[in-house]
Every structure is written in C-alpha cells, then in structure tokens.
Amino acid sequence: MSQLAVRVEGLTKSFGSTRALDGVDLEIPTGTVLGLLGPNGAGKTTTVRVLTTLLRPDAGRAWVAGHDVVAEPQAVRRAIGLSGQYAAVDENLTGLENLYMVGRLYGLKRAAAKARARELLERFRLTEAAERPSKTYSGGMRRRLDLAGALVAAPSVVVLDEPTTGLDPRGRLDTWSMISELVADGATVLLTTQYLEEADQLADNIVVIDHGRAIASGTADELKAQIGGERLQVVVAQPEQVGYAHGVLAAVGVGEPVVDEHLRRVSVPVSGGTKALVEALRRFDGEGVELLDVALQRPTLDDVFLTLTGHPAEDAEQPVGTTGGAA
Ligand SMILES: Nc1ncnc2c1ncn2[C@@H]1O[C@H](COP(=O)(O)OP(=O)(O)OP(=O)(O)O)[C@@H](O)[C@H]1O
Ligand SMILES: [Mg+2]
C-alpha cells in the first residue's frame with residue numbers, strides 16, 4: 001500500500017444552518033498532487049482550514065503526515081505549509097522582513113532565516129522588491145510572497161488554496177512551474193481550484209466537491225472520460241458538405257457525430273484532441289472543403305458540474321437544505 005500524506009474520513013462541518021462539509025473523504029498519496037476542484041461555496045476552504053488545524057470539524061477525522069489534526073495540531077503544523085486563499089502578508093514589512101519573520105517563527109536562526117528569505121525571494125522573482133514594504137506590491141507580487149512564505153520551513157505537505165486566482169497568465173504559469181518543482185522535490189500538495197484546466201495541468205488526482213461532498217474523483221483523464229471529454233466541432237461553408245463533414249468526424253472521433261443541419265455544424269467527441277483536429281483538417285483540406293469555423297472544446301468546470309450534478313456551478317452557493325439531498 002502506498003503511504004498516505006493526507007487522509008480525510010467523513011468530515012462534516014456546519015456554520016449555523018449551512019452545511020459547509022457534508023462527509024468529505026479523500027486521500028493523498030505521499031509525493032502526489034491532489035486537486036480539490038469546486039465552485040464558490042463548495043467547501044474547499046473549509047476543508048483546507050480543517051486540515052491546517054485552523055478549524056475543528058463537527059465530525060469525521062483527518063490525518064496529515066500521520067498526525068491527527070484534532071489530537072496533534074502541533075505536529076500537523078510542523079509538517080504543513082499553507083498559502084491561504086487571501087494572501088497573508090504583513091503590509092508594513094518588506095518582502096524580506098515578511099519571510100525572515102516566518103523563518104524565525106519556525107525556529108530558524110537569524111542567519112539561516114535571512115538566507116532562506118533571500119533564496120525564496122530570488123525563486124519568486126521578488127529580489128528587486130525585497131526591501132520595499134509589501135503594501136507597495138501588486139496583487140500578483142503579494143500572492144507570490146505569500147506562496148514563498150508557505151515554503152519557508154520546507155514543509156512536506158503544502159496546501160495551496162486557489163493559488164492562481166487573481167494572477168495574470170505569467171503569474172499563473174510561474175505558479176504552476178513552482179508547484180511542479182515542489183513535487184519534484186518530494187512534497188505532497190493539496191491544491192484547491194475552480195479551474196478544471198489547472199487541476200488538469202498539475203494534479204495526479206482530482207476530487208470534485210460540491211455542497212460539501214466529494215461527487216467525483218479520479219485522474220483528469222478519468223473525469224473527462226466520465227463527462228464525455230473533448231469535442232471537435234466544425235462548421236462547413238456549404239450545406240451539401242455537411243454529409244462529408246459527418247464522415248470525417250466519424251472517422252477521427254470516438255463516438256457518433258452530432259449534426260445541426262440548420263447551422264451546418266457537426267461535432268464529435270475525440271480523444272487526444274489535437275491529433276484528431278489535425279487529422280480532420282488534413283482531410284477537409286484534401287477535399288477542398290471550406291470550413292467557416294473549427295474548434296476543439298475542452299470540458300470546463302461547468303460541463304463537469306452540469307454532467308455530474310445536473311445543475312450549473314453557479315447554483316452551488318445557494319443555501320443547502322440540512323439533509324443535503326442526493327446529487
Ligand atoms: N465562518 C463561516 N461562517 C459561516 N458560513 C461559512 C463560514 N465559512 C464558510 N461558510 C460557508 O460554508 C460554505 C463553504 O465555504 P468555503 O469557504 O469552504 O467554500 P469554497 O469552496 O472555499 O468557496 P470559494 O471558491 O468561494 O472560496 C459556504 O456556503 C460558506 O458561505
Ligand atoms: Mg475558498
């Protein structure tokens with residue numbers, strides 16, 4: 001059996017009449033990334049707060065690095081690094097001072113704390129801003145400083161609550177490569193996100209959470225297969241070419257093409273999307289068939305939700321009945 005860095009069994013937590021967690025189970029094998037994927041209000045942050053000992057569950061149990069989060073909070077805190085949903089930096093301190101302070105809190109000697117702070121500032125492209133109060137930082141810089149803070153003590157389990165929300169594309173890519181590096185160095189990562197694409201990029205396993213329950217889990221490919229995966233869609237210029245398009249898409253796809261005669265649009269589920277796309281384009285081009293539009297549609301979080309729950313993700317924040325109800 002592979003070792004588990006995190007184990008969660010039947011966690012429940014209510015705030016008044018809101019059931020934030022309604023029996024969440026999950027496991028993270030050591031050295032892997034788990035993506036906890038869900039819309040606003042799904043229970044991601046509540047799960048994170050329980051795992052990082054900031055919140056007591058009403059029922060259920062959780063272990064981090066072998067330690068029970070309720071019975072052994074100190075040991076859990078030593079093993080874990082958290083970057084919360086909202087960057088927790090001291091605005092009046094400089095970037096260097098922020099990280100130095102975290103190092104000292106974790107018991108590093110002065111010189112070691114300073115060296116570690118400098119190293120992380122360099123890694124997160126903050127060296128130039130190191131001596132400036134962090135209140136002068138942009139949102140993305142603050143986010144990076146907060147991420148750096150989570151890594152000061154070189155934790156074995158890193159928890160990142162929506163690490164890329166609010167970042168620009170460059171910041172997002174930076175964060176993704178930082179997370180990949182962490183894992184290459186042997187860390188276990190729990191990452192929450194609202195983006196299927198992000199979980200797809202980074203996570204070995206994904207748990208989809210809605211109304212405080214895990215409603216699906218698996219690898220990104222397994223989830224996509226479950227919800228139908230990618231679709232290739234073309235719109236042909238001439239009505240009489242619809243039949244030909246149907247033939248091409250049937251050949252490159254993995255299911256029955258769907259035709260909309262009126263819009264001259266044909267679509268089909270594909271696996272290995274770009275390959276199918278290239279092959280289809282080659283065939284259309286070979287026959288001189290003109291396309292008005294061609295698209296490879298990846299499933300979005302909305303598709304996942306619609307398929308798994310029968311309701312769009314936007315509904316998720318509405319109040320839930322105390323019984324929860326079957327999805
Ligand atoms: N301290 C609290 N008091 C009252 N209700 C709370 C509290 N914390 C969370 N909730 C409620 O619990 C539910 C789950 O919240 P949680 O913050 O875990 O969601 P989330 O998945 O992190 O959402 P988001 O993507 O918006 O961050 C929501 O309905 C939220 O309003
Ligand atoms: Mg949250």
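Numbering of ligands and ligand atoms starts at 1, following listing order.
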A.B. asks: Run the side chain to side chain donor-acceptor pair (under 3.5 Å) test on W63 and E9 for me, step by step, so that the C-alpha distance in whole Å, both residues' side-chain angles and the decisive distance to 0.1 Å come before the verdict.
C.D. replies: CA-CA 9 Å; W63 296 262; E9 280 179 13; over 6 Å; no
A.B. asks: Is F15 in polar range of ligand 1, meaning some N or O pair under 3.5 Å apart?
C.D. replies: no
A.B. asks: Rounded to 10°, how big is the angle at the Mg ion (ligand 2) from T45 OG1 to Q85 OE1?
C.D. replies: 80°
A.B. asks: Any idea which of Q85, R19, Q194 brings a heavy atom closest to atom 27 (O) of ligand 1?
C.D. replies: Q85
A.B. asks: When you measure from the Mg ion (ligand 2) to the N, O or S atoms of N40, does any of those distances fall below 2.8 Å?
C.D. replies: no
A.B. asks: Evaluate L191 against V159 for side chain to side chain contact (heavy atoms under 4.5 Å, CB included), listing each step before the verdict.
C.D. replies: CA-CA 6 Å; L191 134 102; V159 177; over 6 Å; no
A.B. asks: Examine T46 and say whether one of its N/O/S atoms is closer to the Mg ion (ligand 2) than 2.8 Å.
C.D. replies: no
A.B. asks: I'd like to check whether G38 has a polar contact with ligand 1, where a contact means an N/O of the residue lying under 3.5 Å from an N/O of the ligand.
C.D. replies: no
A.B. asks: Between S138 and M141, is there a donor-acceptor pair closer than 3.5 Å when you use the side chain of the first and the backbone of the second?
C.D. replies: yes
A.B. asks: For ligand 1, which atoms sit closer than 4.0 Å to a heavy atom of A42?
C.D. replies: 19 (O), 20 (P), 21 (O)
A.B. asks: Short N/O distance, under 3.5 Å, between A20 and ligand 1?
C.D. replies: no
A.B. asks: Could you see if L82 belongs to whatever hydrophobic cluster contains L145? Use Ile, Leu, Val, Met, Phe, Trp, Tyr and a side-chain cutoff under 4.5 Å.
C.D. replies: no
